[in-house]
Number of protein chains: 2
Amino acid sequence: MLFLHKHPMINQNIKIAVDAIVFGYHNGIVYVLAVQQKFGKLANHWVLPGGFIRDDEPLIQGVERELQEETGVTVSYLEQLKTFGDDVARDERFRVISVAYFALVNPKNFVLKADTDAKNAKWFAIKDVPKLGYEHNEMVQLAHARLKNKLTYQPIGFDLLDQEFLFSDLENLYCSILEQDIDRRNFRKKILSFGILEETGKVVKKGSSGRPGELFSFDKEKYDQLLKDNFQFEIKFA
Amino acid sequence: MLFLHKHPMINQNIKIAVDAIVFGYHNGIVYVLAVQQKFGKLANHWVLPGGFIRDDEPLIQGVERELQEETGVTVSYLEQLKTFGDDVARDERFRVISVAYFALVNPKNFVLKADTDAKNAKWFAIKDVPKLGYEHNEMVQLAHARLKNKLTYQPIGFDLLDQEFLFSDLENLYCSILEQDIDRRNFRKKILSFGILEETGKVVKKGSSGRPGELFSFDKEKYDQLLKDNFQFEIKFA
DNA sequence: TTATATTTGTGTAAATAATACGCAAATATA
DNA sequence: TATATTTGCGTATTATTTACACAAATATAA
């Protein structure tokens with residue numbers, strides 16, 4: 001921090017922004033939330049939701065505010081991903097450094113409400129994400145890698161599912177996000193062995209045929225308790 | 001990014017800095033590099049090396065520059081850790097947002113050269129890190145957790161050792177950083193099974209007695225090659 | 001009504017990996 | 001020459017992962 005005091009007048013022309021990579025899941029497909037820019041150099045281009053941080057606003061709060069303003073979406077999981085900002089010439093007026101956040105929404109918040117805020121927002125299947133402005137495609141790629149990776153060592157899959165779900169839902173989520181075949185029986189055994197699922201007792205039939213299945217829910221309290229005893233969530237596959 | 005275009009005059013009074021948590025290792029003890037602040041409100045206080053980023057400088061380059069200026073230390077591993085900046089009142093003139101970097105030095109660069117740059121720099125044993133300015137203790141804690149964790153799934157331990165090392169060196173490094181007992185024989189078997197070590201053929205005796213041991217070195221090329229075939233480095237202990 | 005397709009729930013044997021050890025070889029020192 | 005110390009290697013036991021089969025509950029078609 002010597003620089004500060006050697007040169008009391010800091011002449012730094014950098015603005016700081018936050019951007020969010022928000023993932024949703026529906027029917028075996030992972031979606032990313034993007035917004036269409038209205039004005040400026042990138043008008044009509046798709047970009048990630050985000051914007052400049054306010055002076056008195058914590059970073060994470062800034063992300064939530066921008067998400068609300070631009071898309072109306074409320075997320076169920078939010079964590080810092082990485083700070084980008086080496087594209088020195090991104091904006092002609094000043095350099096922009098952007099703190100990217102990784103977020104998940106559950107199905108309840110997946111449908112975009114047709115209010116004014118969400119007019120320019122859209123879910124893109126991860127395979128069909130268009131070329132985005134700034135370094136946003138790079139951010140999506142990194143976030144996607146984080147999603148795949150984190151799914152195997154942290155129970156974040158539940159944030160993409162309904163509060164109550166069938167085992168087949170959970171299994172399909174893992175299969176499609178990890179792009180792998182999973183043995184249904186071993187998967188069930190493994191997850192159940194953790195003891196972090198609650199049986200709701202409810203039984204429901206999903207498709208048009210087949211035996212009805214039991215609904216489960218994620219027992220977060222139990223999970224947090226287990227964490228204290230050095231419990232390690234982990235799903236691996238051959 | 002709508003905010004930008006709704007309000008073309010962005011009135012943001014935030015400065016962006018970088019800070020480094022640099023770890024060194026010597027004789028079973030983990031050290032952190034700190035510098036003593038000369039001027040300003042925190043004069044004489046210890047802080048992490050770092051400083052304000054320049055307008056045209058990539059973040060990582062800024063870290064390397066500050067490290068060089070303030071400590072003369074060259075790191076062998078450097079990666080972004082997390083961006084801090086929710087302490088809105090850290091500086092009375094402007095808010096500071098700091099991108100923290102996680103770094104490792106090998107023993108060759110562990111000794112601080114007594115040139116002007118390094119006068120105010122010092123290695124603190126991780127257990128004896130004093131109260132640092134700003135959010136720097138929080139940064140150290142997070143970085144320490146990352147070090148422990150990463151050691152188990154990425155071969156970063158070699159960055160803290162000499163280029164050529166005995167198996168007992170590697171084992172002691174793991175024991176002391178993870179604060180765990182490790183079975184010497186199983187550890188050796190496991191590491192060797194990865195096929196990422198090169199036998200130098202050299203034999204050397206470490207202490208004053210005992211059978212001389214063989215020197216090994218980390219074969220980075222082999223490791224990078226294995227990564228392409230979905231190889232996963234992983235060390236776990238009961 | 002009966003047969004068929006579909007989905008769920010449970011169990012077990014085989015293969016693989018992790019753990020817990022014992023002992024000989026090579027050196028310094030007493 | 002005996003003892004302490006450190007290295008190098010091997011094997012039995014235990015735990016975990018993987019592969020795989022069949023019955024139960026439902027909808028639909030014959």
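Computation of the quantities below employed the complete heavy-atom set of this structure, encompassing side-chain atoms and omitting hydrogens, waters and symmetry-equivalent molecules. Throughout, a chain's letter reflects where its sequence line sits, starting with A, and its residues are numbered from 1.
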Do side-chain atoms of A:Gln37 reach the backbone of A:Val47 as a donor and acceptor pair under 3.5 angstrom?
no
Which whole-number value in Å describes the distance from A:Ile182 CD1 to C:dT8 P?
14 Å
Output side-chain donor-acceptor pairs under 3.5 Å for residues 102-113 of chain A, partner residues at least two apart or in another chain, one line each.
residue	atom	partner	partner atom	Å
A:Asn106	OD1	A:Lys108	N	3.3
A:Asn106	OD1	A:Asn109	N	3.4
A:Asn106	OD1	A:Asn109	ND2	3.4
A:Asn109	ND2	A:Thr74	O	3.4

Helical stems, DNA chain C - three or more consecutive Watson-Crick or G-U wobble pairs below 3.5 Å
C:1-30 with D:1-30
Could you state the atom-to-atom distance from NZ of A:Lys236 to P of D:dT16 in whole Å?
14 Å
Return the orientation label for the B:Phe124 and B:Trp46 ring planes: parallel under 30°, perpendicular over 60°, tilted otherwise.
perpendicular
One thing to verify: whether A:Lys190 and A:Glu234 come together as a salt bridge, which I'm taking to mean a side-chain N less than 4.0 angstrom from a carboxylate O.
no
Spacing of B:Asp181 atom CG relative to C:dA20 atom P, expressed in whole Å:
11 Å
Sidechain N-carboxylate O distance under 4.0 Å for B:Asp224, B:Lys228:
no
Both B:Phe216 and A:Asp183 contact DNA chain D. Which one's nearest nucleotide lies toward the 5' end?
B:Phe216
Quick check on the 6.0 Å ring-centre criterion: do A:Phe167 and A:Phe216 meet it?
yes
side-chain hydrogen bond (donor to acceptor under 3.5 Å, both in side chains) involving A:Arg185 - partner list, sequence neighbours excluded
A:Asp183
Name the atoms and distances for all side-chain donor-acceptor pairs under 3.5 Å in residues 157-166 of chain A, with sequence neighbours left out.
residue	atom	partner	partner atom	Å
A:Glu164	OE1	A:Lys202	NZ	3.0
A:Glu164	OE2	A:Lys202	NZ	3.0

Between the protein and nucleotides 24-30 of chain C, list the N/O to N/O atom pairs that are separated by less than 3.5 angstrom.
residue	atom	partner	partner atom	Å
C:dA25	N3	B:Arg211	NH1	3.3
C:dA26	N3	B:Arg211	N	3.3
C:dT27	O2	B:Gly210	N	3.2
C:dA28	O4'	B:Ser208	O	3.1
C:dA28	O3'	B:Ser208	O	2.9

Counting N and O atoms only, with roles assigned by atom type, does the side chain of A:Asp87 sit under 3.5 Å from a partner on the main chain of A:Glu135, one being a donor and the other an acceptor?
no
For the NZ atom on B:Lys150, are there more than 12 heavy atoms of other groups (residues, nucleotides or ligands in this structure) within a distance under 6.0 Å?
yes
If I take atom CZ in residue B:Phe187 and atom C1' in nucleotide D:dT7, what distance separates them, rounded to the nearest angstrom?
15 Å
Specify the separation, in whole Å, of atom CG of B:Asn186 and atom C1' of C:dA20.
7 Å
Atom CD of B:Glu234 to atom C1' of C:dA18: distance rounded to whole Å?
12 Å
May I have the distance from B:Ile235 (atom CD1) to C:dT19 (atom C1'), rounded to whole angstrom?
14 Å
Worked verdict on B:Arg188 versus B:Glu171 for salt bridge (charged side-chain N to carboxylate O under 4.0 Å, His left out)
CA-CA 8 Å; B:Arg188 185 188 179 104; B:Glu171 185 204 324; over 6 Å; no
What is the distance from CG of B:Leu215 to C1' of D:dT7, rounded to the nearest Å?
13 Å
Got a sec? Which of residues 188-196 of chain B come in under 4.0 Å of DNA chain D, heavy atoms?
B:Arg188, B:Lys189
